[in-house]
Every structure is written in structure tokens, then in C-alpha cells.
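Counting convention: from 1, in listed order, for ligands and their atoms alike.
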Amino acid sequence: MIDSLKEALTLSPDNIPLRMSLADLLLADKQYSEAAEQYKQVLQRSYGHQKAQLGLAHCYFQLGNFSAATVVYEQLEAQLTDHDLLRYIKCLVKDNNLAKAAGLYQGLMVLQPAMADAELDQLFRLPGGGPAPDESDDEYWETEESMFMEKPDIDFSKVGGMQKVKEEIALKIIQPLQHPELYKAYGKKIGGGILLYGPPGCGKTFIAKATAGEIKSKFISIGLHHILDMWIGNSEKNLHEVFDTARRHAPCVLFIDEVDALGASRADLKQSAMRHTINQFLSEMDGVSASNEGVLILAATNAPWSVDSAFRRPGRFDRVIFVPPPDEASRDEILKSLLADKPAEQIDYKKLAAATPEYSGADLQAVVDICIENKLTESMKTGQLSALSTKDLLAAAKQHKPSTREWFGTARNYALYSNESGHYNDILDYIKKHKL
Ligand SMILES: Nc1ncnc2c1ncn2[C@@H]1O[C@H](COP(=O)(O)OP(=O)(O)O)[C@@H](O)[C@H]1O
Ligand SMILES: [Mg+2]
């Protein structure tokens, strides 16, 4: 086969597909120098041919020319297959670029644990080697190893109320992922971002996690501590690696919680380290270095006024959604969901929902927790375990003040005095309607 391809090429030396086949065969046959020669020939005739570049890097890797391989891989970082990525990581190790190698390897392990490599495991993760982490093992997800990944264990059915938010996410995130061909046919790019904002405890983080469970795509979450790490400079390269991991696994949802930590307040912006992080984030989001096609970005904040306005430009977070405190019907649903697996009598949810105006989802969670504590104390006295009742829950609600009003106090000032381009009209409408 190799011989006949060589012969064919003497007759038609510029036939690229033919030459690529020969190069690939030589590579598979472990004739690395010859394969490299053929890939170079392809590149002379077709500058920038990506498959040839990767083939050449593979040969360099096998021939022990790690720095040459690194140059190629670095350039094509966002497009690497898992196998190329693994070779790239090994090259970085040989080049003593351990920080970058560790970051990439951890990202790869989270998404593709089957790609585990004994040598790299030993170097980065498990002293003395050991089996690859099992994604279905709950303990694994509690370790730092899972870095920026979270295991989605809820879906929309667990989220009470929030109908409008669910619809927006379905329209902008779930449907594009499930029908990419449709969106392509209409020339609509799949990507971009949604920013969720509102009082704390009203389900922003919760619904983002549920989005992950709702779709069968990869989900990467960057929390506050990751952002701060980047800011302080503990992990400069992390941001780029997080985005690259998302791109490599498109379609993928990238969630940035407490994005205001990234935006900081206007006074903080003068700090150049922060400015640098923001700029890096924006250029990653704009896809300056690599295409973000198929990467959907979801962010949440309690303090939208602290989010740099540059985040809202078209193509960035161009959809901004207010997540209000749950209304009565939503509280009814949330309470049902919170009590679903608890020993409870027939509960009058209507009555409870009516008795808890201004309570956030987190407040309702607190009410249920208090109620359970009360019950436990009681049962220790009586020696009997009794189910939660409507009366118990109403009593618990009296012990916990709703937390959303305070947020509206702050929000009102921003909405009234710095509401350029009507960003916060939803807040004003809400305040008016509920006479806060
Ligand atoms: N719509 C909801 N349905 C069910 N539980 C909710 C809902 N909203 C909030 N909760 C509960 O309140 C907790 C806090 O919500 P969270 O999403 O962290 O709020 P936020 O991110 O808006 O500050 C959640 O972990 C969940 O237990
Ligand atoms: Mg949150």
C-alpha cells in the first residue's frame, strides 16, 4: 500500500489527499522520519494544512523533538483532539512547563477520565499512580481535582417557578444545542451569553446547575474562588484553559458564578491585575484567539451594577435576565420540591406560600431546615419521631425573616440613579408592583 501510494505520487506530486494518506500510513507504520517528510511536503504545497501540522507534531513527538511539537500544538491548542492534547501535555512536561501541563491535564481528566495516563497521574494527581477517578463516584466530585467541573445532579423539574428564566434558557441554550442544524440553516451563530441577576437566594446558581442536568452536554462552572485565584495571580493561565477546554468539548455550557467578582467595582478597576483579568476574559469571550462556536456562556450576579459595562456589548452577555423573588405560585412549587423527600403530613402548600411573601428560595430552604431542627429537638424529648405539619412550618416561618427586601433597598438606588439605557427597568417595575 505504501509503495503504491509512493508510485502514484511520482505521477501526481501535488495531490494533497494522496500525500496525506501516505503520510498517515507511514505514521501508523511507525516510520516517523518518513512520515514527517511527507507532512512537510504537504505543508509546502498547502500552507497551514491543519491535519498535516498535527501529523508533523505527532512525528516530532515520537522522534523526541518536543519543543518543535510544542510549537505546533500551542498554535492549535483549541482544536486538539484528546489524543493530541495528551501528547501536548507530555511535551509541556518535557519542556518543564509543569504549571500549564497540570492545568490541561486536570481539565482533560475531568472531561475524559478514560484518557488517564499512568505517568502523568503520578506526576500530577495520585502519588504512586492509581486508577483514574470514577465520575460516578460522589467522593471524586468533592475533591479539588474536579477543578472547575460540577456534577449536575438536578434538572428543571427540581426548580420551582422561574418560568420566564426557564424559557429564555431553553431558547438561547437548550434548543441551539439540540438543533444546531436548524440554527445554522438560518445563519444564526450558536453561542453568546446570558447574564442572570437578582437578589441572593432566588435560584440563579440553582437554575444554572439545573441547565446542566437538562441538557446532555458538558458543563463547566467557574466559581468565585477560581476568579479570585486568577486575580491574585495564582493561576494566570486558568481562564484561557477553561475556555479552551470548553471549546474543545463544544457544545458546552460555561457557567461563571458571581461574575461581579470579575467585573469588580469601578474603583477596583484601576487595579491593573483586575483590569488584566477582565480584558483576558473579554477577549476569550469574543473568541479572539479561537472560535467560540458552540460554547454557551451563562453568568450570575447579585450585584449587576458592579459588572463592567463592557460585558454587555453585543456578542457578549447580550441577554440580561432579572431573577425576581419567587411569587406565590412559585413558592408553592419550591416548597413542594424542598419537602418532596421529607417525612411530612398532608401539607397545605397554598397557605404556606401565602404566609411567606418576600421569602427567597434560600429563605424557604431555611424555614424547612428550622422546622426539621424543631422537630428533632421535640422528638428527643418525647422519644417519638413525628412528621412535619403545616402548623410546624408556619411556626418555623415566623422564626426566619425574609431576606430579599434588603437587596431591593440597594437595587432601588442603582435603578433610580444609574439606570442608563433602562437596564434596571425590571427592578423598578417589581418595586412598583409590590409596593416595596
Ligand atoms: N426556584 C427554586 N426552586 C427550588 N429551590 C430553590 C429555588 N430557588 C432557590 N432555591 C433554593 O435556595 C438555594 C439558594 O439558591 P441559589 O441558586 O444559590 O441562589 P442565588 O444563586 O440566586 O443566590 C438553592 O440551593 C435551593 O435549595
Ligand atoms: Mg448564587
Are [X] and [Y] near enough that their ring centres are under 6.0 Å apart?
X: Y197; Y: F322; answer: yes
X: F61; Y: Y88; answer: no
X: Y430; Y: F408; answer: yes

Check ligand 1 against [X] and write out every atom of the ligand that is under 4.0 Å from a heavy-atom position of the residue.
X: M162; result: 1 (N)
X: V159; result: 1 (N), 3 (N)
X: P200; result: 23 (O)
X: G361; result: 8 (N), 9 (C), 10 (N), 11 (C), 12 (O)

**Asked** Can you tell me if T205 has an N, O or S atom under 2.8 Å away from the Mg ion (ligand 2)?
**Response** yes

Q. Of all the heavy atoms in A300, does at least one lie under 4.0 Å from an atom in ligand 1?
A. no

Do any heavy atoms of P326 fall under 4.0 Å from ligand 1?
-> no

The single option from R331, K351, H400 that satisfies side chain to side chain donor-acceptor pair (under 3.5 Å) with T356 is R331

Short side-chain donor-acceptor distance under 3.5 Å, [Y] and [X]:
X: Q280; Y: H240; answer: no
X: T377; Y: N374; answer: no
X: D392; Y: S389; answer: yes

Practice item. Might you confirm whether atom CD of E378 has over 12 heavy atoms from other residues, nucleotides or ligands at distances under 6.0 Å? Key: yes

Does K350 have more than 12 heavy atoms from other residues, nucleotides or ligands lying within 6.0 Å of its NZ? no

Return the closest protein heavy atom for [atom] as residue, atom name and distance.
atom: atom 24 (C) of ligand 1; result: F206 CD1, 3.8 Å
atom: atom 1 (N) of ligand 1; result: G160 O, 2.8 Å
atom: atom 22 (O) of ligand 1; result: K204 NZ, 2.7 Å
atom: atom 18 (O) of ligand 1; result: T205 CB, 3.8 Å

At under 4.0 Å between heavy atoms, what of K158 touches ligand 1? The answer is backbone

Logged contact type for Q365 with ligand 1, heavy-atom cut-off 4.0 Å, is side chain

Among G203, A362, A210, the residue with a heavy atom nearest to atom 8 (N) of ligand 1 is G203

A student comparing G161, P199, G201 should find that the heavy atom closest to atom 20 (P) of ligand 1 comes from G201

Paired with R247, the salt bridge (charged side-chain N to carboxylate O under 4.0 Å, His left out) test is passed by just one of E284, E77, E293, namely E284

